[in-house]
Structures are given as structure tokens and as C-alpha cells.
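The model shown is predicted, which means the values in this text are computed figures rather than measured ones.
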Amino acid sequence: MEKNQDIIESTKKLLPSIIVILTIPLISAMIWVVYELHFVPMYRQLQVPGRLLVFSIPFVLLIGYGYLSANKYTSTLAGLLLLPLMSTYAQIMSGVIEPYASTMEMLEMALRPSRLLNIVSGSLQSILLHGAIGYLASKRTKAHILGAIVLTLLYLAMLSRVH
């Protein structure tokens, strides 16, 4: 009986972290898909500032979660899984929106292990950077928060191709 109680208690502690780890990329992917479908075709001249704004949202969420939770493990994991999950969510949402793709084919393609491996191997530096940002934010000191913000700004500068 006591063992069951321990399992229930540990699950209660982990569930909010799992929800956050899965939700940050989902929110980011929804914003990205809406941006790509609705704003890019209409406002080409704002593409770089829009992309920077859209990509800064996951970092704000990640730094905020790391700071508020102070849990270095889940904050780092949230950072490491941000890009692969966001990419997978975005592809699934885009596939659902596209009228010519069948849902099952789209899901099979989005969840194909080779595609997921390509995402991870092709963006390993970004994935590790996201993990470092989550870890630094969870330390909750001014220096670590500043480090997370500087890494975020460096990533956004790389993203916009500003040197």
C-alpha cells in the first residue's frame, strides 16, 4: 500500500514537468505555423523581424519555466526537446491544414524515426544550446539568467544571419 502511495506521489510531482516539456514546443509550433501561413505571404518585408519575434517566444517560455521551477533537470530536458518536438508538432499541424495530404500518411512521415534522427543530427548544436539555456535559467542567479539571455540573443542573431 505504501509503495503505491509513493508511486502516486512521484507521478504527481512529475506530471506538471512533463506537461510543460510537451507544451512549450506545442505553443511555439502553433505560433510558427500561423506565422508561416498567414503573415509571411502578406508581409514579406517583415519576414526577418517576424521570425525573430516568433522564435523568441519559446526562449521566453523556456527561461521563464527554468527560473520559476528552479528544476535543472526538467528545464534542461525542456530545452533539449524544444526543437525536435516543435518541428514534429509543426509538421503535423501543417499536414492537418493541407487538404491534399491524408492524415495517416502525414503522421507516419512526421513520426518516422529517420526523420526524427535527421532533425536531431542536423540541429545538434541548436538542441544543445537550448538545453544550456534551460539549465542556466534554472540556476536562478543574475549571472546565470544573463548567460541564458546572452545565449538566446546569440541564437537569434545566428537565426537572422546577423554577424
Side-chain angles (χ1 to χ4, degrees), residues 16-98 101 106 109-163:
S17 297
I18 292 170
I19 290 171
V20 168
I21 289 170
L22 296 175
T23 303
I24 290 174
L26 180 63
I27 292 168
S28 305
M30 289 190 307
I31 292 169
W32 178 254
V33 169
V34 168
Y35 169 76
E36 284 291 318
L37 291 177
H38 295 291
F39 294 105
V40 170
M42 290 189 287
Y43 305 106
R44 286 281 178 200
Q45 69 274 17
L46 296 177
Q47 189 171 2
V48 172
R51 181 173 287 163
L52 290 176
L53 179 65
V54 166
F55 270 101
S56 66
I57 293 169
F59 290 106
V60 170
L61 295 173
L62 185 60
I63 290 171
Y65 172 70
Y67 181 79
L68 293 174
S69 74
N71 187 329
K72 61 185 177 187
Y73 300 113
T74 59
S75 298
T76 304
L77 189 59
L80 292 172
L81 294 177
L82 177 67
L83 196 59
L85 286 176
M86 188 173 102
S87 174
T88 302
Y89 290 156
Q91 182 163 5
I92 290 170
M93 283 185 258
S94 296
V96 168
I97 293 170
E98 297 288 331
M106 180 269 311
M109 186 177 77
L111 299 176
R112 187 178 320 139
S114 61
R115 180 188 172 278
L116 297 174
L117 184 61
N118 285 339
I119 291 170
V120 170
S121 65
S123 41
L124 186 60
Q125 292 173 338
S126 296
I127 291 170
L128 293 175
L129 183 69
H130 294 141
I133 290 168
Y135 176 77
L136 288 173
S138 71
K139 298 302 252 176
R140 299 180 88 176
T141 66
K142 289 179 184 179
H144 287 99
I145 295 295
L146 182 62
I149 291 170
V150 167
L151 287 178
T152 298
L153 293 174
L154 287 173
Y155 182 76
L156 292 174
M158 289 181 346
L159 193 68
S160 66
R161 295 185 177 101
V162 175
H163 300 285

Rounded distance [0.5 Å steps], OG1 in Thr141 versus CG in Leu136: 8.5 Å
So which of Ile24, Val60, Thr23 actually passes side chain to side chain contact (heavy atoms under 4.5 Å, CB included) with Tyr65? Ile24
Applying side chain to side chain contact (heavy atoms under 4.5 Å, CB included) to Ser56 and not counting sequence neighbours gives Leu53, Leu156
Between Tyr73 and Tyr135 (judged by ring centroids, cut-off 6.0 Å), do the two rings come close enough to count as a pair? no
Contact between His130 and Leu83 at the side-chain level, heavy atoms closer than 4.5 Å - yes or no? yes
Would you call Tyr67 and Lys139 a side-chain contact if the rule is heavy atoms closer than 4.5 Å? no
Between OG1 on residue Thr152 and CD1 on residue Ile133, distance to nearest 0.5 Å: 3.5 Å
May I ask you to decide if the ring planes of Trp32 and Phe55 are parallel, tilted or perpendicular, using 30° and 60° as cut-offs? tilted
Testing the basics here: between Leu82 and Ser28, what is the closest heavy-atom pair and its distance to 0.1 Å? CD1-OG, 4.4 Å
Please name all residues satisfying side chain to side chain contact (heavy atoms under 4.5 Å, CB included) with Tyr89, sequence neighbours left out, ordered by chain then number. Leu22, Pro25, Leu26, Ala29, Leu85, Met93
Measuring from atom CG of Leu128 to atom OG1 of Thr76, what distance do you get when rounded to the nearest 0.5 angstrom? 11.0 Å
Note, Val20 side chain near Thr74 side chain (heavy atom, < 4.5 Å): no
Looking only at heavy atoms, which two atoms of Ser69 and Ser75 are closest? And how far apart? OG-OG, 3.5 Å
Taking C-beta and beyond as the side chain, do Ser138 and Asn71 meet within less than 4.5 Å on heavy atoms? no
Any idea which heavy atoms bring Ala132 and Leu151 closest together, and the distance? CB-CD1, 4.2 Å
